[in-house]
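The block underneath contains the structure these notes are about, expressed in structure tokens.
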Number of protein chains: 2
Amino acid sequence: MAAVRRPLADSQAVHDQVYAAIRRALITGRIAPGKGVSLRSLAGELGVSPMPVRDAVRRLVAERALAINPANKRLSVPSLTADRLEQLALARLWVEPELAARAAASADVGLIRQLQAVDADLDEALRLGDVDRYMTANHAFHFTLYERAGAEVLLAMAGGLWLQIGPFMRVVFGRVGANDLAADHHAQAIAALKAKDAEGARRAIAADLSEGMDKMRAAVEGVS
Amino acid sequence: MAAVRRPLADSQAVHDQVYAAIRRALITGRIAPGKGVSLRSLAGELGVSPMPVRDAVRRLVAERALAINPANKRLSVPSLTADRLEQLALARLWVEPELAARAAASADVGLIRQLQAVDADLDEALRLGDVDRYMTANHAFHFTLYERAGAEVLLAMAGGLWLQIGPFMRVVFGRVGANDLAADHHAQAIAALKAKDAEGARRAIAADLSEGMDKMRAAVEGVS
DNA sequence: AAGATCAAATTGCGATCACAATGCAAGGCC
DNA sequence: GGCCTTGCATTGTGATCGCAATTTGATCTT
């Protein structure tokens, strides 16, 4: 009943803050897949009334970041099947490289410096083994890039897909250790941006995604 | 306060019925783009309390079928810009042919007969100039096909995209008259399904979409 | 008569309450 | 001792109320 005191950002509506909080938790994988949640429990944790939580959850369910048992009507983080992963991988491999290519066209020094900073933070998180920080930085890297594309609709699609995959990335990276990951592709992407090479950026991001999705695929198949 | 008495379909939750109602209204274009709506007005029309309407609207906003003015916090049907249309067209041209191709693999006589029936209905709607019925039938044709793909994630993406474009299809078809439309491509798609020709189905749906999106593009540019 | 100002209505947001359904666990029955 | 039943806690859903912000319309002023 006390955690909400801090006015996150610029005094958004409460349900937006709650949405952002749950979204962050999902993207960084702090909520385990298959885990059941409830409106009142979330409300309690966040120190708000169940009402704005209900609104936030509605949004997340619509984005398929949360699932609702049609019989129970109880909600949980959806479990990832191999089939679902396959579709998400396919979709991501289409949208995200497209966004990267578009962003490359309007990349400038400011963006590049920003990405380099995020990438450095990412590397340090890797070195320290801080999975939370790594997940956050990785997300930040991709989406500060994608935002530059100026493609609202595609960006929203990418955000939704990432949201659905987030919880599982955490599981996988917790398993494989997240050591030898993706730094090369990020560097390649930055290099392509410097050269305003749209196709290069597309390839780099595609490679980055492919590698990550391959690992997730292996992990998912390994479990089931 | 009386219209909700009838238990639509199989006793879903009220907010689901409201969601379905608004969604149908949007897909068939019965709500004009740019038109402002309010929770209480919708609640009044549907004969329910504002509460389930709020839930339904939340979902629709998350799916970008409704927009919410960040200053006003008032909601309306989003206007379609040329840029937005371009992105939606691109996305649809990726997802929907993919779904068609996948559906072709598991098509059977039942599906084909179903599609033929819907297509016949569509033709009659065209002949009668019944735009509402045409919009409904066209949607039904595509999505009874897509559902057969058994690709939940991609299907949801396609549904979301269609929802965003729906209101404008109505405007465009009201303008051009919807006379010489798409029947060829539907027939081609059905033929491809009979032959279990996945790539043929993909091409047919892609052509169908391209034609429709071209007309919308022309209409949008013509207006602005 | 035209424009500015103020009051009333409308809007979205959040809280609280009530209710039916479900899940859970302790206790009783065979 | 194991299984079933019964009671309680928790769940999502919907209604109603209050609040602050905004829009709207009528009145007043110039």
Side-chain angles (χ1 to χ4, degrees), chain A residues 1-23 31-32 34-79, chain B residues 1-23 31 34-78:
Chain A
M1 282 276 206
V4 81
R5 280 295 164 266
R6 47 175 183 173
L8 277 178
D10 43 303
S11 78
Q12 297 173 331
V14 178
H15 69 86
D16 275 323
Q17 300 184 25
V18 172
Y19 170 79
I22 303 179
R23 182 186 175 101
I31 304 182
K35 171 138 185 179
V37 295
S38 81
L39 298 185
R40 288 174 176 86
S41 67
L42 286 173
E45 290 180 18
L46 297 171
V48 298
S49 98
M51 209 54 192
V53 178
R54 200 167 132 182
D55 288 342
V57 163
R58 244 348 136 205
R59 275 177 76 179
L60 291 164
V61 169
E63 295 175 320
R64 318 217 153 227
L66 290 178
I68 168 172
N69 186 328
N72 278 12
K73 292 175 180 290
R74 269 185 168 77
L75 37 86
S76 59
V77 182
S79 301
Chain B
M1 284 275 207
V4 80
R5 281 294 164 266
R6 46 174 184 174
L8 277 179
D10 42 300
S11 78
Q12 296 174 331
V14 178
H15 68 86
D16 275 322
Q17 300 182 26
V18 172
Y19 171 80
I22 302 180
R23 182 185 174 103
I31 303 183
K35 172 139 186 178
V37 294
S38 82
L39 299 184
R40 287 174 175 86
S41 68
L42 286 172
E45 290 180 19
L46 297 171
V48 299
S49 100
M51 208 53 188
V53 178
R54 202 166 132 184
D55 288 342
V57 163
R58 227 23 114 191
R59 276 177 75 178
L60 291 164
V61 169
E63 295 174 323
R64 317 218 152 225
L66 289 178
I68 169 173
N69 186 328
N72 278 13
K73 293 176 179 293
R74 270 184 167 78
L75 37 87
S76 59
V77 181

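Chain letters run A, B, ... following the sequence lines, proteins first and then strands; every chain starts at 1. Everything numeric in this text was worked out from a predicted model, so none of it was measured.
- Following rounding to the nearest Å, B:Asp55 (CG) and D:dT13 (P) show an atom-to-atom distance of 7 Å.
- Qualifying side-chain contact (heavy atoms from CB on, under 4.5 Å) partners for B:Ser41, counting only residues two or more places apart in sequence or in other chains: B:Ser38.
- Contact annotation: B:Arg40 does not reach the phosphate of D:dT16 (side-chain N/O to OP1 or OP2, under 4.0 Å).
- Residues A:Ala56 and A:Val18 approach most closely at CB-CG1, 3.7 Å, considering heavy atoms.
- Less than 4.0 Å separates DNA chain D from at least one heavy atom of each of the following residues of residues 70-78 of chain B: B:Asn72, B:Arg74.
- A straight line from CG of A:Leu39 to P of D:dT11 spans 9 Å, rounded to a whole angstrom.
- When heavy atoms are screened at a 4.0 angstrom cut-off, A:Val37 is found touching the sugar-phosphate backbone but no base atom.
- One finds the CZ atom of A:Arg40 at 10.5 Å from the OG atom of A:Ser49 (value rounded to the nearest 0.5 Å).
- When all heavy atoms are compared, the tightest approach of A:Leu39 to A:Val53 is O-CG1, 3.8 Å.
- Applying the salt bridge (charged side-chain N to carboxylate O under 4.0 Å, His left out) test to every pair with at least one member in residues 57-73 of chain A, sequence neighbours left out, gives these pairs: A:Asp16-A:Arg59, A:Arg58-B:Asp55, A:Arg64-B:Glu152.
- One atom, CZ of B:Arg54, and another, C1' of D:dT16, lie 12 Å apart when rounded to the nearest Å.
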Check nucleotides 5-9 of chain D for protein N or O atoms closer than 3.5 Å to its own N or O atoms and list the pairs.
none

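- Residues A:Leu46 and A:Ala21 approach most closely at CD2-CB, 4.2 Å, considering heavy atoms.
- The closest side-chain heavy-atom distance from A:Val57 to A:Leu42 is below 4.5 Å.
- Contact record, A:Ser76 with A:Gly34: CB-O, 4.3 Å, taken as the closest heavy-atom pair.
- With DNA chain C read from its 5' end, the first of the two nearest nucleotides for A:Pro50 and B:Ser38 is the one closest to B:Ser38.
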| message | side chain to side chain contact (heavy atoms under 4.5 Å, CB included) for A:Asn69 and A:Leu75? Distances and angles first, verdict last. | response | CA-CA 6 Å; A:Asn69 186 328; A:Leu75 37 86; over 6 Å; no
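- Rounded to 10°, the angle separating the first-five-pair axis and the last-five-pair axis of the helix from C:dA1-D:dT30 to C:dC30-D:dG1 equals 10°.
- Atom OH of B:Tyr19 and atom C1' of D:dG12 are 19 Å apart (whole Å).
- Running 5' to 3' along DNA chain C, contacts with non-hydrogen atoms of chain A at under 4.0 Å begin and end at C:dC13 to C:dG23.
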